[in-house]
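Worksheet: one structure, shown below.
Computed from heavy atoms alone, side chains included, the values below leave out hydrogens, waters and symmetry copies.
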Amino acid sequence: MFGATRISHHFRDCELHFHPFGVAFRFHTFHLSFPPRPTKPCFLSNGIAATTAGNRSRIPSNKCYSSSIPSKSSGEIPLLFDCFSQQEDEREILSDGVSAVAGGVVALGKFDALHIGHRELAIQASRAGPPFLLSFVGMAKVLGWENRAPIVAKCDRKRVLSSWIPHCSNTVPEEFQIEFSSVRHLSPQQFVEKLSKELKVRGVVAGENYRFGYKAAGDALELVKLCEEYGMEAYIIKSVMDKNQYSANINSSTGSKERGQVSSTRVREALAVGDVRYVSELLGRPHRLVLLSTDREKFSFGQYKVSAPKSCLLNLAPKEGLYEKCSLLLGQENVMLCRVIIDSKFVHIETDYGGQSDIFGTHNLQYLHIEFGDSST
């Protein structure tokens, strides 16, 4: 293990007040105790705790503040269609034997929603080095969970990440996935050792509620300690809090265990009640529903209406109802205003334009994209 000099620091433009959200593993939780250390991890005035493998002149020092870090676990909800098979799986090690994330800074979490809290984690990673979102695949299968609908269709994730460029130092965060079965039984120390020695990352970013290791034994403070021991930078950031007052009603009605931070659970709950405006606030963008349109025999075409069965959905739709002020995207440039009606079996798309069958046939589209406005009934 490499020695590390612990320093506290923040970035030049910390007045932006980064408050990213860290996603918790869904394990049964217990805590390991560790002997006291001569120095404590530093939480900076903007909520960041940091350790580095050396003092860099581009990062000034800053006063430290102590902070407590609560544990957290999160819930999930059901899958309509799995579109993960439509793109190649991410590879841990490239063909030349070099880690795909070597020298990079990985944000840790379960990035299913790509909401504003996840974006802040990516922002912090981009300020420290080449940014990556590191998550695990195959958790549901290994742990026997019910399959869940993705909030963002797999085929739409690159578009969302590209939209973060202005926030992430003009770079697109890349996704990096590890098979959960390969790390499930790793202790917190073994997990950090994998990051350091096998994946050769330069640093990690996590939210204050992040837990890791077998049975979620490690918390954010332990992550800071272990990263220091392995010569890596560690940045622990406060959660992005949900300021929408309506969220309290959702939590009380659904029995949510959320503590006020933006989360994928909140996004799912807002979709479940059809509040697409609230969903947009949590995501930092309009919710986009993607339908696989290559099997036209399943579609029903009318002069002003197209109906698609829910089996064509590639991600989670809002609850049944009428949604005004939506947009139907036909390719990259063609956008049509539309209304969307969702019932128990179909998604109906209505526009004020005729000849829908001809329009779809002309474009020969693989996907239909529906972007929801801020109106629902």
Side-chain angles (χ1 to χ4, degrees), residues 21-32 71-79 81-94 99-102 104-115 117-118 121-122 125 131-154 157 161 173-201 204-207 209-220 222-223 226-227 230 232 263-265 267-268 315-316:
F21 168 69
V23 182
F25 288 114
R26 290 182 57 187
F27 297 117
H28 299 293
T29 304
F30 71 93
H31 298 275
L32 296 179
S71 62
K72 154 98 173 47
S73 60
S74 62
E76 292 292 329
I77 329 196
L79 180 70
F81 189 98
D82 184 4
C83 96
F84 284 90
S85 61
Q86 295 184 36
Q87 293 190 3
E88 293 184 3
D89 293 334
E90 302 292 338
R91 303 299 180 188
E92 291 187 33
I93 305 297
L94 300 180
S99 165
V101 294
V105 177
V106 296
L108 302 172
K110 190 174 184 295
F111 299 97
D112 51 341
L114 295 177
H115 53 60
H118 294 151
L121 287 172
F132 293 88
L133 306 183
L134 188 151
S135 57
F136 304 99
V137 293
M139 293 182 71
K141 182 178 180 180
V142 172
L143 299 177
W145 295 345
E146 180 184 5
N147 285 330
R148 307 296 183 182
I151 294 171
V152 182
K154 179 68 175 178
R157 292 178 70 85
L161 293 176
E174 295 186 35
E175 296 203 86
F176 182 76
Q177 296 176 334
I178 297 177
E179 285 292 337
F180 177 67
S181 58
S182 70
V183 298
R184 179 186 183 185
H185 294 291
L186 295 184
S187 68
Q189 181 170 354
Q190 289 171 328
F191 175 70
V192 173
E193 183 177 36
K194 178 182 177 71
L195 295 178
S196 174
K197 294 186 176 181
E198 183 178 333
L199 301 182
K200 302 185 185 303
V201 302
V204 301
V205 179
N209 298 319
Y210 186 74
R211 303 199 68 85
F212 67 106
Y214 186 54
K215 294 187 177 180
D219 60 11
E222 181 67 5
L223 181 64
L226 289 170
C227 283
Y230 282 89
M232 293 188 296
S263 68
S264 298
T265 299
V267 176
R268 292 181 183 278
N315 61 319
L316 187 62

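Nearest heavy-atom pair across R157 and D112 is NH1-O, 3.6 Å. Between G218 and P188 the shortest heavy-atom distance is N-CG, 3.5 Å. Scanning all heavy atoms of the two residues, the minimum distance from V204 to C227 falls at CG2-SG, 3.5 Å. Across every non-hydrogen atom of P131 and A122, the tightest pair is CB-O, 4.1 Å. Contact between V201 and V106 at its shortest, heavy atoms only, is CG1-CG1, 3.8 Å. Of all the heavy atoms in F176 and A100, the pair that sits closest is CE1-CB, 3.9 Å.
Test V205, V105, L199 against L134 for side-chain contact (heavy atoms from CB on, under 4.5 Å) and you get one pass: L199.
With rounding to the nearest 0.5 angstrom, the CG atom of N147 is 10.5 Å from the NZ atom of K141. Interatomic distance, OG of S263 versus NE2 of H115, reported as 6.0 Å (0.5 Å rounding). Between L121 atom CG and Y210 atom OH the span is 10.5 Å, to the nearest 0.5 Å. Of the inter-residue distances, the one linking H185 atom NE2 with Q190 atom CD reads 11.0 Å to the nearest 0.5 angstrom. Taken from CD1 in I151 to OG1 in T265, the straight-line distance is 8.0 Å, to the nearest 0.5 Å.
For V183, the side chain to side chain contact (heavy atoms under 4.5 Å, CB included) test picks out F136, I178, F180, L186, K194, with sequence neighbours left out.
Taking 4.5 Å as the limit, some side-chain heavy atom of V192 sits within range of a side-chain heavy atom of F212. For the pair E198/S99, no side-chain contact is recorded, criterion being any heavy-atom separation below 4.5 Å from C-beta on. A heavy-atom distance below 4.5 Å is found between the side chains of Q177 and S135. The side-chain heavy atoms of V142 and E179, taken from C-beta on, include no pair separated by under 4.5 Å.
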Check: Going through the checks in order, is the side-chain contact (heavy atoms from CB on, under 4.5 Å) test met by K197 and Y230?
Finding: CA-CA 9 Å; K197 294 186 176 181; Y230 282 89; 4.1 Å; yes
Checklist line | side-chain contact (heavy atoms from CB on, under 4.5 Å) assessment of L161 paired with L133 | finding: CA-CA 10 Å; L161 293 176; L133 306 183; 3.7 Å; yes
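In this pair, F111 and H118 present their aromatic rings perpendicular. The plane angle is above 60°, beyond the 30 to 60° band.
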